[in-house]
Every structure is written in C-alpha cells, then in structure tokens.
S.K.: 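Take a look at the following structure, please.
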Amino acid sequence: MPVPWEALIPFGLLTSMFATAGTLLKTSKMAQNQGKPVRYNLDPWEEMMMDRDRRLTGHMRGQKSDPTPPEGFETSSAWYTQQVS
C-alpha cells in the first residue's frame with residue numbers, strides 16, 4: 001500500500017502548531033511563577049504558606065533568606081481584626 005506523501009505536510013503543520021502552543025503556554029506559566037514549575041493539588045497548608053510568601057515578598061512564589069520581615073508584615077494578615085493593646 002503506497003504512502004500518501006501529500007498528507008505528511010498537514011500532519012507536520014498540525015504537529016508543529018500543537019508543539020509550539022504547548023511550549024509557549026508552559027513558558028508563559030513558568031514566567032508568571034518566577035521560573036518555577038506550576039503547582040497543582042494545593043492543600044490548605046500550601047495555600048497558607050503561599051499567602052505568607054506573598055505578604056513577605058510581594059509574590060506567591062517568592063522566598064527570602066533575610067530573617068527580618070518587611071514593614072507592615074505584622075498587620076498584613078487576613079486574621080488581623082482588631083488593635084491589640
């Protein structure tokens with residue numbers, strides 16, 4: 001049975017377009033996460049740590065090696081509801 005060579009051009013185009021779209025999507029998601037892979041299946045603990053990292057560094061994926069928190073970190077919690085004397 002002969003091979004239909006004219007079908008290889010559309011097959012190559014479709015394959016390359018899917019590969020390009022997937023690569024661009026992955027690159028975009030990694031750029032939004034500061035070069036780190038995307039997180040899936042997050043539990044409440046990971047969401048809490050991501051919120052803490054966002055309050056410390058300004059980005060959900062950012063982390064600091066400096067032990068001192070920035071100004072206003074004590075009062076930027078979602079649980080902060082009233083003034084403590």
Side-chain angles (χ1 to χ4, degrees):
M1 184 165 187
V3 176
W5 296 105
E6 55 273 347
L8 292 178
I9 293 173
F11 178 74
L13 286 172
L14 283 172
T15 303
S16 64
M17 293 305 283
F18 276 114
T20 303
T23 302
L24 289 175
L25 181 64
K26 182 178 183 200
T27 304
S28 171
K29 286 188 175 269
M30 285 189 69
Q32 293 171 11
N33 284 316
Q34 296 179 337
K36 299 175 182 132
V38 181
R39 292 178 173 167
Y40 297 105
N41 300 327
L42 300 175
D43 60 2
W45 173 260
E46 291 170 335
E47 290 175 356
M48 182 180 65
M49 289 291 108
M50 287 170 54
D51 184 50
R52 178 193 64 109
D53 290 342
R54 184 189 53 76
R55 290 187 293 124
L56 275 173
T57 63
H59 194 275
M60 288 188 321
R61 296 299 299 259
Q63 295 179 352
K64 288 177 64 170
S65 60
D66 185 19
T68 58
E71 282 295 319
F73 178 73
E74 298 85 13
T75 60
S76 66
S77 174
W79 296 100
Y80 185 79
T81 58
Q82 61 186 0
Q83 186 75 17
V84 178
S85 312

S.K.: In the single-linkage hydrophobic clustering (I, L, V, M, F, W, Y; side-chain heavy atoms under 4.5 Å), do Leu42 and Met49 co-cluster?
M.R.: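 Leu42 does not cluster with Met49.
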S.K.: With the side chain counted from C-beta on, respond yes when Arg54 and His59 share a heavy-atom pair under 4.5 Å apart, and no when they do not.
M.R.: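 No, every pair of side-chain atoms sits at 4.5 Å or beyond.
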S.K.: With rounding to the nearest 0.5 angstrom, report the CE to CZ distance, Met50 to Arg55.
M.R.: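 It is 13.5 Å, given to the nearest 0.5 Å.
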S.K.: Is there a side-chain contact between Pro44 and Met48, using heavy atoms and a 4.5 Å cut-off?
M.R.: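 In short, these two side chains do not touch, never coming nearer than 4.5 Å.
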S.K.: Under 3.5 Å, side chain of Thr57 to main-chain N/O of Asp53, donor-acceptor pair present?
M.R.: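 Yes; judged by distance alone, with no hydrogens or angles, the pair exists.
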S.K.: Taking all atoms of both residues into account, what is the closest heavy-atom pair of Asn33 and Arg61, and its distance?
M.R.: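 In terms of heavy atoms, the two residues are closest at OD1-CG, 3.6 Å.
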S.K.: Could you check whether atom NZ of Lys26 has more than 12 heavy atoms from other residues, nucleotides or ligands sitting under 6.0 Å from it?
M.R.: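 At most 12 heavy atoms, drawn from other residues, nucleotides or ligands, come within 6.0 Å of this atom.
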S.K.: Can you tell me how far apart CG (Leu13) and CG (Leu8) are? Round to the nearest 0.5 Å.
M.R.: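 CG of Leu8 is found 11.0 Å from CG of Leu13.
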S.K.: Atom CD1 of residue position Ile9 - does it have more than 12 heavy atoms of other residues, nucleotides or ligands inside 6.0 Å?
M.R.: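 No, CD1 of Ile9 has 12 or fewer neighbouring heavy atoms, counting only those of other groups under 6.0 Å.
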S.K.: Is it the case that the side chain of Asp51 and the backbone of Glu47 share a donor-acceptor pair, with hydrogens and angles ignored and the cut-off at 3.5 Å?
M.R.: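 Not confirmed, Asp51 side chain does not pair with Glu47 backbone.
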S.K.: Would you confirm whether Glu46, through its side chain, and Asp43, through its main-chain N or O, come within 3.5 Å as a donor-acceptor pair?
M.R.: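 Checking the backbone N and O of Asp43 against the side chain of Glu46, a donor-acceptor pair under 3.5 Å is found.
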